[in-house]
S.K.: 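Could you have a look at this structure, given as structure tokens, before my questions?
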Amino acid sequence: MVTFYDRTFESRFLLGTARYPSPEALAESVRRSGAEIVTVSLRRETVGGAKAGHAFFDLIKRLGVTVLPNTAGCHGAREAITTAQMAREVFDTPWIKLEVIGDDETLQPDPFALVEAARALSADGFQVFPYMTDDLVLAEKLMEAGCRVLMPWGAPIGTGKGLNNPYALTLLRRHFPEATLVVDAGIGAPSHAAAAMELGYDAILLNTAVATAGDPPAMAEAFAEAIRAGRRAHEAGLMAETDLAVASTPVFGTPFSPFAG
């Protein structure tokens with residue numbers, strides 16, 4: 001079970017809805033992932049025209065999942081705030097995944113605009129899911145702005161590089177034990193997702209690794225299994241690393257021990 005603001009879900013897998021080869025592939029991927037929350041970009045899905053936008057939104061409604069609108073493509077606080085307000089009207093939800101891009105090459109978030117927009121949206125009644133870098137001070141500022149969910153990247157969007165800085169992600173988890181933390185962006189393989197969950201993260205959000213796979217529904221199912229395995233490993237308690245070898249089988253008292261009398 002994972003809680004986002006005042007709502008609790010069984011699945012710890014949040015799935016994006018862009019770049020699928022067909023609506024059927026998207027629908028089957030959502031079903032096989034077990035995801036109960038999907039992200040939707042208001043700007044990207046309406047750019048193709050009203051007819052295409054309505055068809056897409058109708059598909060999402062039929063899936064019976066919770067929609068997390070996002071402000072993908074926004075480059076400033078005011079633009080992101082306006083997009084969030086439009087999304088609230090369209091989807092009738094206070095939830096918003098807040099993206100404010102600061103660099104077009106890496107799609108790295110603008111930390112200053114992100115905090116500004118998060119503060120304004122929280123004051124306006126939104127429940128903000130900020131897409132951020134793995135910066136501890138930025139996380140602190142976003143929490144102060146009213147965010148109870150943080151979404152640090154594993155690596156830049158769409159790169160598939162996995163967890164570029166496990167140390168920074170570990171620090172975030174330790175520093176904010178009560179916050180809901182989601183690794184968002186850069187996850188390219190189920191093993192990456194499992195590694196993030198083993199660090200104690202609450203959920204994974206990804207899109208490209210499933211949508212662009214040779215078989216998106218099968219990949220969605222693979223990620224779901226990895227996320228569950230990683231969470232179970234964290235809860236079970238991973239063994240501590242050591243610099244020296246430690247024999248798994250004791251030798252004292254065995255018939256072949258060189259120390260036996």
Side-chain angles (χ1 to χ4, degrees), residues 1-4 11-16 33 35 37 39 97-103 105-111 114-115 118 129-143 147-213 219-220 222-246:
M1 304 284 282
V2 59
T3 300
F4 297 103
S11 176
R12 296 176 181 271
F13 189 1
L14 288 70
L15 190 60
S33 72
I37 301 170
T39 60
K97 179 189 171 188
L98 181 60
E99 298 183 32
V100 187
I101 300 304
D103 179 73
E105 184 174 348
T106 63
L107 300 181
Q108 179 170 324
D110 179 336
L114 187 65
V115 172
F129 296 61
Y131 166 61
M132 54 176 286
T133 56
D134 50 18
D135 184 274
L136 193 64
V137 176
L138 174 57
E140 189 73 59
K141 297 298 182 184
L142 288 167
M143 294 288 285
C147 300
R148 287 160 47 194
V149 176
L150 299 175
M151 305 182 79
W153 67 2
I157 293 172
T159 61
K161 291 183 176 294
L163 308 184
N164 273 356
N165 196 341
Y167 173 71
L169 291 172
T170 300
L171 283 183
L172 282 176
R173 179 69 283 176
R174 291 176 181 172
H175 199 74
F176 301 101
E178 303 303 320
T180 301
L181 300 185
V182 183
V183 171
D184 174 19
I187 299 295
S191 57
H192 300 158
M197 298 303 291
E198 289 171 0
L199 294 179
Y201 275 70
D202 296 290
I204 301 293
L205 194 161
L206 60 88
N207 187 167
T208 307
V210 168
T212 62
M219 186 62 75
F223 269 105
E225 293 171 353
I227 290 167
R228 287 193 292 268
R231 181 65 188 185
R232 284 196 296 269
H234 170 72
E235 292 174 344
L238 296 168
M239 66 173 286
E241 293 184 5
T242 67
D243 292 327
L244 299 176
V246 179

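Keep in mind the model is a prediction, meaning the values are calculated, not measured.
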S.K.: Examine distances only and state if a side-chain atom of T180 and a backbone atom of T3 form a donor-acceptor pair shorter than 3.5 Å.
M.R.: yes

S.K.: Rounded at 0.5 Å granularity, tell me how far OG1 in T106 sits from CD1 in I101.
M.R.: 8.0 Å

S.K.: Taking all atoms of both residues into account, what is the closest heavy-atom pair of L138 and M132, and its distance?
M.R.: CD2-CB, 3.9 Å

S.K.: Which atoms form the tightest heavy-atom contact between L244 and T242, and what is the distance?
M.R.: O-OG1, 2.7 Å

S.K.: Find the distance between CG (L14) and CD1 (I37) and round it off to the nearest 0.5 Å.
M.R.: 4.5 Å

S.K.: Check whether any side-chain heavy atom of R173 sits under 4.5 Å from a side-chain heavy atom of L199, and report yes or no.
M.R.: no

S.K.: For V149 and P130, work out which heavy atoms get closest and say how close.
M.R.: O-CD, 2.9 Å

S.K.: Show the nearest heavy-atom pair for residues L98 and A118, with the distance to one decimal.
M.R.: CD2-N, 3.6 Å

S.K.: Could you tell me whether M239 atom CE has more than 12 heavy atoms of other residues or ligands within 6.0 Å of it?
M.R.: no

S.K.: Please give me the minimum heavy-atom distance between A224 and S33, naming the atom from each residue.
M.R.: CB-O, 3.3 Å

S.K.: Within the 4.5 Å heavy-atom criterion, are F223 and L15 side-chain neighbours or not?
M.R.: no

S.K.: Let me confirm one number: the CD1-CZ distance from I204 to R231, rounded to the nearest 0.5 Å.
M.R.: 11.0 Å

S.K.: When rounded to the nearest 0.5 angstrom, what distance separates CD in E235 from CZ in R232?
M.R.: 9.0 Å

S.K.: What pairs with F176 under ring-ring contact (aromatic ring centres under 6.0 Å, His included), at least two apart in sequence or on another chain?
M.R.: none

S.K.: Please round to the nearest 0.5 Å and tell me the distance separating atom NE2 of H175 and atom CG of L181.
M.R.: 11.5 Å

S.K.: Parallel, tilted or perpendicular for Y131 and W153, by the 30°/60° rule?
M.R.: perpendicular

S.K.: Might you point out which heavy atoms bring G158 and T208 nearest each other, and give the distance in Å?
M.R.: CA-OG1, 4.1 Å

S.K.: Out of N165, T170, L163, L150, which one pairs with D134 under the side chain to side chain contact (heavy atoms under 4.5 Å, CB included) rule?
M.R.: N165

S.K.: If we only count heavy atoms from C-beta on, is the F129 to D184 side-chain gap below 4.5 Å?
M.R.: no

S.K.: If I take atom OG1 from residue T133 and atom CG from residue D110, how far apart are they, to the nearest 0.5 angstrom?
M.R.: 10.5 Å

S.K.: Given side chains that start at C-beta, do those of P111 and V137 come closer than 4.5 Å, heavy atoms only?
M.R.: no

S.K.: Does any non-hydrogen side-chain atom of Y201 lie less than 4.5 Å from one of L172?
M.R.: yes

S.K.: Would you list the atom pairs, donor with acceptor, under 3.5 Å between side chains in residues 188-198 and any protein atom, with sequence neighbours excluded?
M.R.:
from: H192; atom 1: ND1; to: G188; atom 2: N; distance (Å): 3.0
from: H192; atom 1: ND1; to: A189; atom 2: N; distance (Å): 3.1

